[in-house]
There are 2 protein chains.
Amino acid sequence: MAADKKITITDVAAAAGVSVSTVSLVLSGKGRISAATGVRVNDAIEKLGFVRNRQAAALRGGHSGVIGLIVRDLNHPFYAQLTTGLTEALESRGYMLFLTQSGQQGQYMMRCFDTLLAQGVDGIVVAGAAGQGAELDQTARLRNVPLVYASRASYLDDVDMIRPDNTQAAHMLTGHLISKGHQRIAWLGGLSSSLTRAERLGGFCSTLIQHGLPFHPEWIIECGSSQCQASEAMINLLHHNPTISAVVCHNSTVAAGAWFGLLRAGRHSGERGLNSLYEQQIALAGFAEVPEAALDDLPLTWVTTPGRDVGRMAAMRLLQRVEDNTLEPRSHVLAAKLVTRSA
Amino acid sequence: MAADKKITITDVAAAAGVSVSTVSLVLSGKGRISAATGVRVNDAIEKLGFVRNRQAAALRGGHSGVIGLIVRDLNHPFYAQLTTGLTEALESRGYMLFLTQSGQQGQYMMRCFDTLLAQGVDGIVVAGAAGQGAELDQTARLRNVPLVYASRASYLDDVDMIRPDNTQAAHMLTGHLISKGHQRIAWLGGLSSSLTRAERLGGFCSTLIQHGLPFHPEWIIECGSSQCQASEAMINLLHHNPTISAVVCHNSTVAAGAWFGLLRAGRHSGERGLNSLYEQQIALAGFAEVPEAALDDLPLTWVTTPGRDVGRMAAMRLLQRVEDNTLEPRSHVLAAKLVTRSA
DNA sequence: CTGAAAGCGCTAACAC
DNA sequence: GTGTTAGCGCTTTCAG
């Protein structure tokens, strides 16, 4: 129901007593329009409650003012942050965002890509690719649509890419522990299939080696991201390797679980031959994707993962390419920041 | 650079030796097309790598196949879940999602709304409105675009709305504690400005009263959502009200903080005149917006907040309205589920 | 400075 | 079953 009177540029033109092209020029602020006409047109727009149909504008004009995002999983705090940074940067420049999710394994990646193409987006950001790089890239080039990768988990030359510096982050975190006097440091969490984890582990190991510290494969523990699993793994780790003095955790859930594990190990000292000093002795450090407030009471030193900045930078870079898609691709790496806690 | 040859429906028609309308019919699967032609057309599409320009289709056909989402804050896990549920449901039905963020206080709400309208969306979901209901509603009606509220924090009659049942959730949680024998139950967390909190507190209080249990305003503690603040508040609460036996936490961060507070209070028993039995005595319960894995090692009983389902239902409802916008508005309330933990 | 006219790529009546 | 044709609402030369 409702009269549903769609007001078009033609109605505005009639009301203002000018031609449609004049209205169009006023809307886009292009041609040299006399102040008087400008006002008349704007009044008419106001009075009629006209809103310009951007689909039609895009069809004719070529630019849609829309960019597409293919994100791996919005429920992961890192990608949520990234998406927020992206929308902020885009909206401030008058662009809109199409959101699609490629799924954990990237199973819907190509479908998302095609849909976005069909919608006539001016560019695409892929956040968290899982290996489909080559195909995406080829299609994007073919159709001449700018493509920027944000935090992708696989490598490809000659593409634009913004990502967090996982190696540096791990390096900082490990270096911090070492500077505090820790010599026997373990790694807890993440699945071996994760490339992010691989990068972080790389930074971890190289820092140990660099300092001449022992590096034992048994001290690298794989575990799922639940508090329970982390807690169990922690207890187990300490049981078999009582000399460990610090643990680096792959993410915040693992860190929380590790802390609970420590507490339990402390409590169970009698039965297990562990002593209650664990709580004090073992230092915890980790990577934090979540807002800091969610962690600030844990005795944990962490490095931030700059999701929001990755999103913002990706937006900037993509818009540059929208202007000029002949730009040389380049890779941009964002450093993490260390937040120290005194346990 | 790039040949940038846009292939249109006309090219396909030529390649397949048919007319454009035939191609259009094949694309939309509408008219009665002979199997043979169908194949020929599809081959041509395949060969040329044609992708249909949906902007043009929308311009002409009236339906864009796009729905808009105005979400308060993607970084809040509840809204992230909601958004995921929404995209899932929409994508499975061939719709796309425009994402906009209205900001914590809804300061960009109207701008988002207008932008979405200009983009020609078929409908709009507002997730987490903060009071602009009336204006939104009026505009939506005027322009005859379906509008569905998801989890809005203010009330308005005569609108479609999907939301979690905060009252029932609080009722279940409180009832559970009471059934476990708790009589002196406190509330921790949230800001008094939050309507979600108000609803939950309503369920909390009414359940207490219903069971003839004491209800003290001093047992309702307001605090920000950081572990630190929650931990402090918890310690403080127990210090002044040592007889409390259970605490309901407004969200998962507060719950974690409360737990740490308990531990600390236990440790500081000597100095503060509290006894170390707190850890065992005090039961913790709360509302969980985060994935369960992030909480599963806390001695916490929680109720889920069904963000994903709210998103899915909102999508379903909106698509119904897209079909027929004369439907009677109705409010749909989603119950929470209780997850019991034995501490 | 402003208007007239030619489409952007596609769909929806109608013809055949 | 398939082709013809007339636009959807807007931008954009190109004349005045």
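Each chain gets a letter, A, B and so on, in the order the sequences are listed, and its residues count up from 1.
- Whole-Å rounding puts the A:L25 CG to C:dG3 C1' distance at 10 Å.
- At the heavy-atom level, A:S24 lies under 4.0 Å from base atoms of the strands shown.
- Of all nucleotides listed (C:dG9, C:dC10, D:dT2), C:dC10 comes nearest to the side chain of B:R52.
- The side chain of A:R60 lies closest to C:dC8, out of D:dT5, D:dG7, C:dC8.
- Cation-pi check for A:R93 over A:Y95 is not met; the charged atom does not lie both under 6.0 angstrom from the ring centroid and within 45 degrees of its normal.
- Residue contacts shown for A:S21 include a base, since a base heavy atom lies under 4.0 Å away.
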Item to check | Worked verdict on A:D43 versus A:R40 for salt bridge (charged side-chain N to carboxylate O under 4.0 Å, His left out) | outcome: CA-CA 5 Å; A:D43 283 354; A:R40 277 226 311 294; over 6 Å; no
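- Heavy atoms of A:L59 sit under 4.0 angstrom from at least one base atom.
- We find that CD1 of A:I9 is positioned 11 Å from C1' of D:dT12, with the value rounded to whole Å.
- A straight line from NE2 of B:H63 to C1' of D:dC8 spans 14 Å, rounded to a whole angstrom.
- Contacts of A:T37 with the nucleic acid, taken as non-hydrogen atoms under 4.0 Å apart, involve only primed sugar atoms and P, OP1 or OP2.
- Contact annotation: B:S34 side-chain N/O to D:dT2 OP1/OP2 distance is under 4.0 Å.
- Side-chain contact between B:H332 and B:R317 is absent, with no heavy-atom pair separated by less than 4.5 Å.
- For the pair B:L48 CG and C:dG9 C1', the interatomic distance rounds to 15 Å; values are reported in whole Å.
- The closest side-chain donor-acceptor pair between A:S24 and A:S21, if any, does not fall under 3.5 angstrom.
- A close approach under 4.0 Å does not occur between any side-chain nitrogen or oxygen of B:T8 and OP1 or OP2 of C:dG9.
- Nearer to the 5' terminus of DNA chain C, by closest-nucleotide assignment, is the contact made by B:A58 (compared with the other of B:R32 and B:A58).
- Picking from D:dG3, D:dG1, D:dG9 the nucleotide with the shortest atom distance to the side chain of B:T22 gives D:dG3.
- A:D114 has its side chain out of reach of B:V51: every pair of non-hydrogen atoms, C-beta onward, lies at least 4.5 Å apart.
- Contacts of A:R54 with the nucleic acid, taken as non-hydrogen atoms under 4.0 Å apart, are absent.
- At least one side-chain nitrogen or oxygen of A:K30 sits closer than 4.0 Å to the OP1 or OP2 atom of D:dT12.
- Panel note: side chain B:Q81, backbone B:E289; no donor-acceptor pair is recorded below 3.5 Å.
- Contact annotation for B:V18: backbone-only contact, meaning every heavy-atom pair under 4.0 Å involves sugar-phosphate atoms and none involves a base.
- Note: CD (B:Q55) to C1' (C:dG7) measures 16 Å, nearest angstrom.
- Atom CG of A:L27 and atom P of D:dG9 are 15 Å apart (whole Å).
- In this structure, A:N53 places its CG atom 9 Å from P of D:dT11, rounding to the nearest Å.
- Mapped onto DNA chain D by nearest heavy atom, B:S19 and A:V51 fall at different nucleotides, with B:S19 at the one closer to the 5' end.
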